[in-house]
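Only this structure's heavy atoms are used, side chains among them; waters, hydrogens and symmetry mates stay out.
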Amino acid sequence: ITDAHLDGAILVFAATENPRENDRICRIARTRGILVSSDHADGCDFTMPSIIDRSPLLVAISSAGTSPLLVRLIAERLEATIPAAFGRLTRFLGDAREAIAKRMPDRRARRHFLETLVDGTVADLVLAGDEPRARALLVQQADSYAAKGPPEVGEVYLVGGGPGDPDLLTFRALRLMQRADVVVYDRLIGSAIMELVRPNAERIYVGKKRNQHALPQEEISKLLVTLARQGKRVLRLKGGDPFIFGRGGEEIELLAAEGIPFQIVPGITAASGCASFAGIPLTHRDHAQACVFVTGHTKTGRLSAEYVNLFQPGQTVVIYMGLAYLGELTADFIANGADPTLPVAIIENGTRPNQKVATGTLANIAEVAKAND
């Protein structure tokens, strides 16, 4: 490569197999005021995203030049998961847009139909290369859907959002989060998880703190019914697992009584997520052969008679929502015969970047918590 090769150039890519040659090309380009990019040279003036080409479907991945290696690794993984035939499916759906829009002027109905289309037999036929049959079936299904209209009653997705780390969500939870028309979410759902919800979904906050309810539980259950009766797909997003101190059972009781279809997606409960991230096994062959989950969130802050006998040899006790009455709880346990030297850990914001862990004994954990507050 000589200087003359760069005459009239605005951008230069130094992409030979020889790193020294790439460095030399970069030096020549810079002396002439030409922007240059190279995988082998430091200080590139610009970078290009990695492209996954399934024309007309294109996926671009960029790290703004901070980590080209990571971009390449991500691109390799996506290359393996996005079939080559997706380009054919993209063209097919593009060609069908106008015909579908004429049959279904309502935007929400059209989106619902397209989602069933992409996951159904029509898409399978296109990916298999049988576009004539796919086209005929598309017309048949579109006419049928347009005649019937969208369902009069929607559906409720009762989804466990886990303890806070979005990486702990299930695949099924993510799929339904992207499908919902409206999300009804709790206080424990962090912003990192909410960012994974479909961007234009309606958001309704119903978070509850101790003695501070944005919406009473009975009203939340009624709200789910009302939204579903409007034909919407409702994502009821709850922290942890819906059926472990999440009052999910109360919500599905009303949904079932009202004839509202629903799906339940379990989530990693706080006890499991928090203990794992803190490195505390809930069971251990040498120390704990059983585990019990209880709630410390009582109306009086005092334990009922059966709770005071929880501390048994070889048994781990996990107390949810017990921080507000920690002093009263530990005093009740000790007063009823629990060993004051029993090891105790308090975990706040478990699995999140701001997770805090305080350890002590049953006798001093309340003071330890105050000192770390």
Report task. Please indicate whether Arg97 has more than 12 foreign heavy atoms, meaning atoms of other residues, nucleotides or ligands, lying under 6.0 Å from its CZ. Result -> no

Query raised in the report: Partners of Asp106 by side chain to side chain contact (heavy atoms under 4.5 Å, CB included), sequence neighbours excluded?
Result: Arg108, Ala109

Report summary line: To the nearest 0.5 Å, atom CG of Leu11 lies from atom CG of Asp45 at 9.5 Å

Query raised in the report: Any donor and acceptor pair, going by atom type alone, linking the side chain of Arg236 with main-chain N or O of Val234 inside 3.5 Å?
Result: no

**Report entry** CG-CZ distance between Leu255 and Phe262, expressed to the nearest 0.5 angstrom
**Finding:** 6.5 Å

Report summary line: Hits for side chain to side chain donor-acceptor pair (under 3.5 Å) against Glu219, two or more places apart or cross-chain, chain-then-number order -> none

Query - Pairwise side-chain contact, Met194 with Leu237, heavy-atom cut-off 4.5 Å (strictly under) - result: yes

**Report entry** Side-chain cluster (under 4.5 Å, hydrophobic types only) that Leu168 belongs to, other residues
**Finding:** Ile268, Phe277

Query raised in the report: In terms of hydrophobic clusters joined by side-chain contacts under 4.5 Å, are Val59 and Leu174 together?
Result: no

Query raised in the report: So, Arg20 and Asp23, do they make that salt bridge, N to O below 4.0 Å?
Result: no

Query raised in the report: Who pairs with Phe243 by ring pair (Phe, Tyr, Trp, His ring centres under 6.0 Å), at least two apart in sequence or on another chain?
Result: none

Requested in this report: Would you mind checking if Arg247 and Glu250 are paired as a salt bridge, meaning a charged N to carboxylate O distance below 4.0 Å?
Outcome: yes

Report task. Treat each ILVMFWY residue as a node, draw an edge where side-chain heavy atoms are under 4.5 Å apart, and state whether Leu342 and Val357 are in one component. Result -> no

Report task. Group every Ile, Leu, Val, Met, Phe, Trp and Tyr by side-chain heavy-atom contacts under 4.5 Å, then state whether Leu188 and Phe293 land in the same group. Result -> no

**Report entry** Side-chain donor-acceptor pair present, Thr121, Asp124, cut-off under 3.5 Å
**Finding:** no

Query raised in the report: Less than 4.5 Å apart, any side-chain heavy atom of Leu78 and any of Ile61?
Result: yes

Report task. Could you note down all residue pairs passing ring-ring contact (aromatic ring centres under 6.0 Å, His included) where residues 67-101 supplies at least one of them, sequence neighbours left out? Result -> none

**Report entry** 4.5 Å side-chain heavy-atom contact, Thr359 and Ile365
**Finding:** no

Query - Those residues that, when tested against Leu89, pass side chain to side chain contact (heavy atoms under 4.5 Å, CB included) (two or more places apart) - result: Leu93, Ala123, Val126, Leu127

Query raised in the report: Hydrophobic clusters join Ile, Leu, Val, Met, Phe, Trp and Tyr when side-chain heavy atoms are under 4.5 Å apart, directly or via other members; which others share one with Ile51?
Result: Leu58

**Report entry** Exercise: identify the closest heavy-atom pair between Glu202 and Lys232
**Finding:** OE1-NZ, 3.4 Å

Query raised in the report: Does a salt bridge link Arg103 with Asp143, judged by any charged N lying under 4.0 Å from a carboxylate O?
Result: yes

Query - Polar contact flag, side-chain donor to acceptor under 3.5 angstrom, Gln263-Glu155 - result: yes

Requested in this report: Kindly say whether Ser63 contributes a backbone atom to a donor-acceptor pair with the side chain of Ser67 at under 3.5 angstrom?
Outcome: no

Query raised in the report: What about the rings of Tyr185 and Tyr205, do their centers lie closer together than 6.0 Å?
Result: yes

Report summary line: His5 meets the ring pair (Phe, Tyr, Trp, His ring centres under 6.0 Å) criterion, sequence neighbours left out, with none

**Report entry** Salt-bridge contact Glu115-Arg110 (side-chain N to carboxylate O under 4.0 Å)
**Finding:** no

Report task. Taking side chain to side chain contact (heavy atoms under 4.5 Å, CB included) as the test, write out the residues that go with Leu254, two or more places apart. Result -> Ser221, Lys222, Val225, Glu258

Requested in this report: For Phe113, check ring pair (Phe, Tyr, Trp, His ring centres under 6.0 Å) against everything at least two apart and list the hits.
Outcome: Tyr145

Report task. Taking Asn22 for its side chain and Thr16 for its backbone only, find out whether a donor-acceptor pair lies under 3.5 Å. Result -> yes

Report task. Grab the two heavy atoms, one from Ser50 and one from Ala75, that are nearest each other, plus how far apart they are. Result -> OG-CB, 3.2 Å

Query - Donor-acceptor contact present, side-chain Ser272 to main-chain Thr269, <3.5 Å - result: no

Report summary line: So CZ of Arg229 and CG of Leu227: to nearest 0.5 Å the spacing works out to 12.0 Å

Query - Heavy-atom donor-acceptor pair, Lys356 side chain to Glu348 backbone, under 3.5 Å - result: no

Report task. Please answer whether the main-chain N or O of Leu57 pairs with a side-chain N or O of Ser55 as donor and acceptor at a distance below 3.5 Å. Result -> no

Query - Separation of Asn18 CG from Arg24 CZ (nearest 0.5 Å) - result: 9.5 Å

Query raised in the report: In terms of hydrophobic clusters joined by side-chain contacts under 4.5 Å, are Leu125 and Leu114 together?
Result: yes

Query raised in the report: Which residues satisfy the salt bridge (charged side-chain N to carboxylate O under 4.0 Å, His left out) test with Arg88, sequence neighbours excluded?
Result: none

Query - pair Val183-Ile204: side-chain heavy atoms closer than 4.5 Å - result: no

Query raised in the report: In terms of hydrophobic clusters joined by side-chain contacts under 4.5 Å, are Val368 and Leu362 together?
Result: yes

Query raised in the report: Donor-acceptor pair, Gln315 side chain versus Gln289 backbone, under 3.5 Å?
Result: no

Query - Short N-O contact, Arg111 and Asp181, less than 4.0 angstrom - result: yes

Query - By ring pair (Phe, Tyr, Trp, His ring centres under 6.0 Å) - contacts of Phe46 (at least two apart) - result: Phe13

Query raised in the report: Side chains of Arg179 and His112: donor-acceptor distance under 3.5 Å anywhere?
Result: no

